[in-house]
Amino acid sequence: MSFSLYDATVPSFLQITGSVAALVTKAEAFAAEKGIDPATLIGAKLADDMLPLGYQVKAVSVHSIKAIEGVRAGVFSPDRSPWPADFAGLAAQLAETHAALEAVNPDEINGFVGNDMAFAMGERRMEFTAENFLMSFSMPNFYFHATTAYDILRAQGMPIGKMDYMGRPRLKG
């Protein structure tokens with residue numbers, strides 16, 4: 001059995017979007033339990049020059065399903081729209097992302113191999129093949145933002161651990 005572009009991307013996108021969705025659910029419960037204004041938690045940052053939790057969660061969607069949509073179109077540009085301002089909105093965005101990822105056809109993703117792909121931001125343009133864009137640009141960004149969301153929640157005192165970040169591993173059989 002060969003290992004494909006689909007195998008290298010979509011199952012990991014599904015695993016981690018699922019774990020980030022669970023983190024958002026736990027964050028909402030944590031905020032309620034501790035009397036924290038949800039906007040405070042959603043706006044929490046690790047450093048002043050970093051974007052907040054809400055953005056990090058949105059970026060998990062952007063660098064998974066939106067990256068696949070970019071490969072379909074042959075170009076990916078940063079999503080500058082605002083992130084959801086509440087836990088319900090963050091959860092809905094992740095649920096929508098997860099459902100869209102589940103609907104991705106493996107043959108379609110594998111058919112992208114070798115296709116031209118570009119990252120475009122204003123005048124800046126970076127040329128890729130589809131597989132190099134997904135594996136060397138979107139996947140690292142995807143994991144960075146998922147990890148940063150986890151780290152923000154941890155820094156806010158939420159009692160979570162590595163398994164909360166990892167979600168459900170894909171076990172044999």
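Quick caveat: nothing in here was measured; it's all calculated off a predicted structure.
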Among L46, D151, I42, L51, side-chain contact (heavy atoms from CB on, under 4.5 Å) partner for Q56
L51
What are the two closest heavy atoms between P52 and K45, and how far apart are they?
CA-CG, 3.8 Å
Measure the CG-CE distance between N132 and M126 for me, rounded to the nearest 0.5 Å.
11.0 Å
Between atom CG of L53 and atom CD of Q156, what is the distance when rounded to the nearest 0.5 Å?
8.5 Å
Residues, nucleotides or ligands: over 12 heavy atoms within 6.0 Å of R124 CZ
no
Nearest-0.5 Å distance, OG1 of residue T147 to CZ of residue F142
9.5 Å
Any side-chain heavy atom of M135 sitting closer than 4.5 Å to one from L5?
yes
Which atom pair, heavy atoms only, marks the closest approach of K26 to M158?
CB-CE, 3.5 Å
With distance as the sole test, does S19 use its side chain to make a donor-acceptor pair with the main-chain N or O of Y165 at under 3.5 Å?
yes
What's the shortest heavy-atom distance between D7 and P11, and which atoms?
O-CD, 3.7 Å
Side-chain contact test, heavy atoms from C-beta onward, threshold under 4.5 Å: evaluate it for F112 versus Y6 and give yes or no.
no
Does one hydrophobic cluster hold both M163 and I152, with members joined at side-chain heavy-atom distances below 4.5 Å?
yes
Tell me, yes or no, whether the heavy-atom count around N110 atom CG, taken from other residues, nucleotides or ligands under 6.0 Å, exceeds 12.
yes
Any salt bridge linking K66 with D79? Criterion: basic side-chain nitrogen under 4.0 Å from a carboxylate oxygen.
no
Do S138 and N141 have a side chain donor and acceptor closer than 3.5 Å?
no
Heavy atoms, side chains only, cut-off 4.5 Å: are S81 and K58 in contact?
yes
Closest approach of P78 and A120, non-hydrogen atoms and distance?
CD-O, 3.4 Å
Would you give the length of the straight line joining atom CG of L23 to atom OH of Y150, rounded to the nearest 0.5 angstrom?
8.0 Å
Roughly how far, to the nearest 0.5 Å, is OG1 of T17 from CD of E102?
8.0 Å
In this structure, OG1 of T97 is separated from CD1 of I65 (nearest 0.5 Å) by 7.0 Å
Shared hydrophobic cluster, M121 / V75 (ILVMFWY, side-chain heavy atoms < 4.5 Å):
no
Hey, is the main chain of A8 close enough, under 3.5 Å, to the side chain of S12 for a donor-acceptor pair?
no
Do L94 and V60 touch side chain to side chain, with heavy atoms closer than 4.5 Å?
yes
Residue pairs passing the ring-ring contact (aromatic ring centres under 6.0 Å, His included) test with at least one member in residues 81-106, sequence neighbours excluded, are Y55-W83
Set out, in order, the CA-CA distance, both residues' side-chain angles and the distance that settles side-chain contact (heavy atoms from CB on, under 4.5 Å) for L134 and F128, then state yes or no.
CA-CA 9 Å; L134 289 172; F128 293 92; over 6 Å; no
Between M50 and T148, the two heavy atoms sitting closest are CE-CG2, 3.7 Å
How close do E127 and A118 get, counting heavy atoms only, and between which atoms?
OE1-CB, 3.8 Å
Can you confirm whether I109 sits close enough to V71 that some side-chain heavy atom of one is under 4.5 Å from a side-chain heavy atom of the other?
no
Is the shortest heavy-atom distance from the side chain of L41 to the side chain of L153 under 4.5 Å?
yes
Test applied, ring-ring contact (aromatic ring centres under 6.0 Å, His included); reference residue, H63; option that passes from F76, F133, F119, F13:
F76
I'd like to check V20 versus L90 (side-chain heavy atoms, cut-off strictly below 4.5 Å). Are they in contact?
no
Which is it for I68 and V10 under the side-chain contact (heavy atoms from CB on, under 4.5 Å) test, yes or no, and what are the steps along the way?
CA-CA 9 Å; I68 290 171; V10 175; 3.9 Å; yes
When you look at CD of E108, are more than 12 heavy atoms from neighbouring residues, nucleotides or ligands closer to it than 6.0 Å?
yes
